[in-house]
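Remarks on the structure that follows.
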Amino acid sequence: MYTDQSIWVGTSTSGQPVLLNPAMANRHGLISGATGTGKTVTLQVLAEGFSSMGVPVFLADIKGDLSGMVRSGENSDKISSRLTECGVPGFQFRSFPVIFWDMYGEQGHPVRATVSQMGPIMLSRMLGLNDTQSGVLNIVFRVADDQGMLLLDIKDLKAMLNYVGEHAHEYTLKYGNIASATIGAIQRAVAVLEDQGGDRFFGEPALNIGDWMQCDEDGQGVINLLAADRLYRNPTMYSTFLLWMLSELYEYLPEVGDLEKPKMVFFFDEAHLLFNGCSKSLLEKIEQVIRLIRSKGVSIFFITQSPTDIPMTVLGQLGNRVQHALRAYTPLDQKAVKVAAQTFRANPLFDTESAITNLKTGEALISFLDAKGAPGIVERATILPPQSYIGAITEALRESCIQSSPFAGVYDQIVDRLSAYEMLVSDMDAASSKPAYDIPTLVYQPEEVSYETDEIPSLVYHADTVPDAPEAPAAPAQPVASKPQGFMIYDPATGKYVQKEIPTMTPVAPQPQVETAPRPQNAVPTIQVQEPAAVQVTQMPVMVFDPQTNQYVQKMMMMQLDPATGNYIPVQPETAKPVDPKAAEKAEKEAEKQRKAAEKAEKDRIAEERRKRADELREERAERARKNNSVLGRVQNTAIATATREVTRQLTRGIMGSITGLFGGKK
């Protein structure tokens, strides 16, 4: 309850009100306690106090029981006894300005953000990516920025992932290695996010964070209530959304220093979810935002079951504490109670550690910062009842509040403007629809057919739009040669047949002519295929030198015109049929297969010989060992060794005697 420029949260056992100084509220706070100890009521009392002093508030309604703040509270025996115990004069039940929001757009105005606003770090946490996948996702964002493509919704992200995966070889040297397996893993995570409602959250119109910093016509701060009962089922999305909202607010607000009251207050229920699975970089970013957002006039209250759920680096920044009862049934719980008790400034009237486990529902240990910023002595206090209704409201009342809200119709319709998906699809459509060359449209126009003659009319096609084609270069004129008169003689010097006049020739008997049978009258005429003009083949008499008679003999030979020289050369008979490429390839594969089989057989033969030789050597060594191990073998070995030692001794003695005599003779 707001009174005397402060928020009256509870009354101590000595009957003194426990007040929260608004100027110290931006030092953040913590509300902790076991389930069912009254954390939600404390949260509701604080939110009502901030709203009454004209400070906008954000709440995440996980259980749905905070929606009752839109209507006035109702008196009851329990509330009356609580008011009597707290000694609150002039207590009035009243409602507060509440605007309902819902990320799925079902229980409030839709809340959306673009993919670019979320950023790769927050999106990686929402998708549950590892460090390598987060790095590739960061590359995707970089490529989109460099290409000027907006990432607004899920389909933009999917299209950009597909594009980067297809052009990975182009971006690897510039941005880093991009593995197709990593792209596939990110795409699977995006598909899961889409099934969980990510397609509704990402898009436009995106939430303007300034719309949450509103006051009504009476100067009361608007309580922005996010329906999180469904969102809470996906803890990662819930926590990432809250962290994104906090970072957006940090970037949106200017520096203002210390104010008489906060510009906005955030209550993060189930705060332990914000830090579960946080990477080191993300945790450092959260800690930095919590430290610096104070100077922008924002206050943050974390609500959780135990203070140990909050990292120590963040817990040290929370100056205002409300500790409800903790249960110490296990050694771990007892340790948590001890840690919680040590964070308070001790009160000589009671033992803090034992008091935490003995608090009743609605009681709490409270320690707020004083006007100078010093932590106050912990007080055991009874929390005031809220002025608004405790519990959920009906769907009809919720729908009425949504329709009468000033933001009705602002965020309802999805806007899908030009972004990465549309740009990539248009590029693919343009590439697939554009022909490699312009094809003229041909229209068939038959000419008049006269049946008086046997001529077949030609089909004439007229082009509607025929592009001007470049003139083709004129083909070189083929050499024109007439049939030579006389004889062709082979010239050994040039290796060609040349035309010469031979004075004397030996006549050759004419070749018998083969008569062809006459074509029947009813026979179907065959179609004669004309040879290309470049090749002219004819039969002509040729003088060929006969070595036996030492004379030139006339013979009839088939000659063809060589277009390059203009001379006739003998027709080369087909020596071999063209080789079928498939048959040749098959034969080559078969030969390769046989070669490999032969190499394998040779290797097997060599290996088999080596094995046999190794077996023989092994058998020889075993045989020698058996002989040496026998009695006879031992005797033989002993005799041989003795004889060898005796021979060695005699040789040594003789050599030494010779050396001694040699040196003695010199003396």
Side-chain angles (χ1 to χ4, degrees), residues 40 43-44 47 51 56-71 95-115 117-118 122-123 126 152-154 193-214 216 221-246 248-249 264-271 273-274 303 388-389 391-416:
T40 303
L43 165 64
Q44 192 168 342
S51 178
V57 177
F58 170 82
L59 295 172
D61 189 9
I62 293 179
K63 296 179 291 184
D65 51 358
L66 291 175
S67 59
M69 300 179 69
V70 77
R71 54 174 291 192
S95 62
F96 291 86
V98 177
I99 296 180
F100 294 98
W101 302 89
D102 186 6
M103 203 179 78
Y104 299 98
E106 297 174 353
Q107 303 182 56
H109 303 298
V111 179
R112 299 188 191 90
T114 63
V115 176
Q117 286 178 336
M118 182 64 64
M122 292 292 182
L123 189 60
M126 185 176 288
L152 302 179
D153 49 20
I154 285 290
L193 177 64
E194 188 176 12
D195 294 338
Q196 293 175 350
D199 55 340
R200 299 185 184 182
F201 174 64
F202 291 106
E204 288 188 325
L207 173 68
N208 181 8
I209 202 71
D211 291 343
W212 284 2
M213 306 180 66
Q214 304 290 332
D216 64 356
V222 173
I223 299 176
N224 300 277
L225 200 62
L226 178 68
D229 51 347
R230 180 181 173 186
L231 180 62
Y232 182 71
R233 301 172 192 171
N234 186 1
T236 305
M237 184 180 293
Y238 167 74
S239 58
T240 307
F241 167 72
L242 296 182
L243 293 176
W244 163 80
M245 185 175 54
L246 191 63
E248 282 292 307
L249 192 66
M264 191 172 186
V265 180
F266 277 80
F267 290 92
F268 289 164
D269 201 359
E270 300 295 340
L273 298 177
L274 302 177
I303 298 93
S388 59
Y389 181 76
I393 61 175
T394 62
E395 293 297 329
L397 180 57
R398 180 189 291 269
E399 187 64 26
S400 176
C401 294
I402 294 173
Q403 296 299 328
S404 60
S405 168
F407 300 106
V410 177
Y411 296 99
D412 295 345
Q413 298 297 327
I414 298 178
V415 178
D416 189 9

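Bear in mind the structure is a predicted one, so any value in this text is a computation, not a measurement. In this chain, residues are counted from 1 in sequence order.
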Separation between CE of Met122 and CD of Gln117, rounded to the nearest 0.5 Å: 12.5 Å
Just list the side-chain donor-acceptor pairs under 3.5 Å for residues 396-403, sequence neighbours left out, or say none.
{"unit_1": "Arg398", "atom_1": "NH1", "unit_2": "Gln107", "atom_2": "O", "d": "3.2"}
{"unit_1": "Glu399", "atom_1": "OE2", "unit_2": "Gln403", "atom_2": "NE2", "d": "2.8"}

Using 0.5 Å steps for rounding, measure from the CD1 atom of Ile209 to the CH2 atom of Trp244. 6.0 Å
With rounding to the nearest 0.5 angstrom, report the CG to CZ distance, Leu231 to Phe241. 7.5 Å
Heavy-atom distance under 4.5 Å between the side chains of Leu59 and Met69, does that happen here? yes
Are any of the side-chain heavy atoms of Phe202 and Leu123 separated by less than 4.5 Å? yes
Val111 and Phe201 have their tightest heavy-atom pair at O-CD1, 3.4 Å
Which pair of non-hydrogen atoms, one from Arg71 and one from Ile393, has the smallest distance, and what is that distance? CD-CG2, 4.0 Å
Keeping to residues at least two apart or across chains, list the side chain to side chain donor-acceptor pair (under 3.5 Å) pairs with something in residues 198-208. Glu106-Arg200, Glu204-Arg417
Tightest non-hydrogen contact, residues Asp102 and Ala227, listed as OD1-O, 3.5 Å
Residues that Ser239 engages under side-chain hydrogen bond (donor to acceptor under 3.5 Å, both in side chains), provided they are two or more places apart: Arg125
If you take all heavy atoms of Met237 and Gly198, which pair is closest and at what distance? CE-N, 4.3 Å
Atom pair CE/CG of Met103 and Leu226 - distance to nearest 0.5 Å: 8.5 Å
Please list, chain by chain and in numerical order, all residues satisfying side-chain contact (heavy atoms from CB on, under 4.5 Å) with Pro205, sequence neighbours excluded. Arg112, Tyr411, Val415
Taking only residues two or more places apart in sequence, or in another chain, which ones meet Asp269 in a side-chain hydrogen bond (donor to acceptor under 3.5 Å, both in side chains)? none
Return the CD1 to CG distance between Ile414 and Asp153, rounded to the nearest 0.5 Å. 9.0 Å
Of the non-hydrogen atoms in Pro97 and Ser51, which two are nearest, and what is the gap between them? CD-OG, 4.1 Å
Residues which pass side-chain contact (heavy atoms from CB on, under 4.5 Å) with Asn224, listed by chain and number, not counting sequence neighbours: Phe58, Ile99, Trp101, Trp212, Val222, Met264
Looking only at heavy atoms, the pair that brings Ala113 and Ala206 closest together is CA-CB, 4.2 Å
Is Val70 close to Ser388 at the side-chain level, that is, under 4.5 Å between some pair of heavy atoms? no
Phe96 versus Gln44: any side-chain heavy-atom pair under 4.5 Å? no
Within the distance-only criterion (no hydrogens, no angle test), does the side chain of Gln196 pair as donor or acceptor with the backbone N or O of Arg233 below 3.5 angstrom? no
Would you indicate whether the side-chain heavy atoms of Phe100 and Ser67 approach each other to under 4.5 Å? yes
Here the gap from Leu243 atom CG to Tyr238 atom OH, rounded to the nearest 0.5 Å, amounts to 10.0 Å
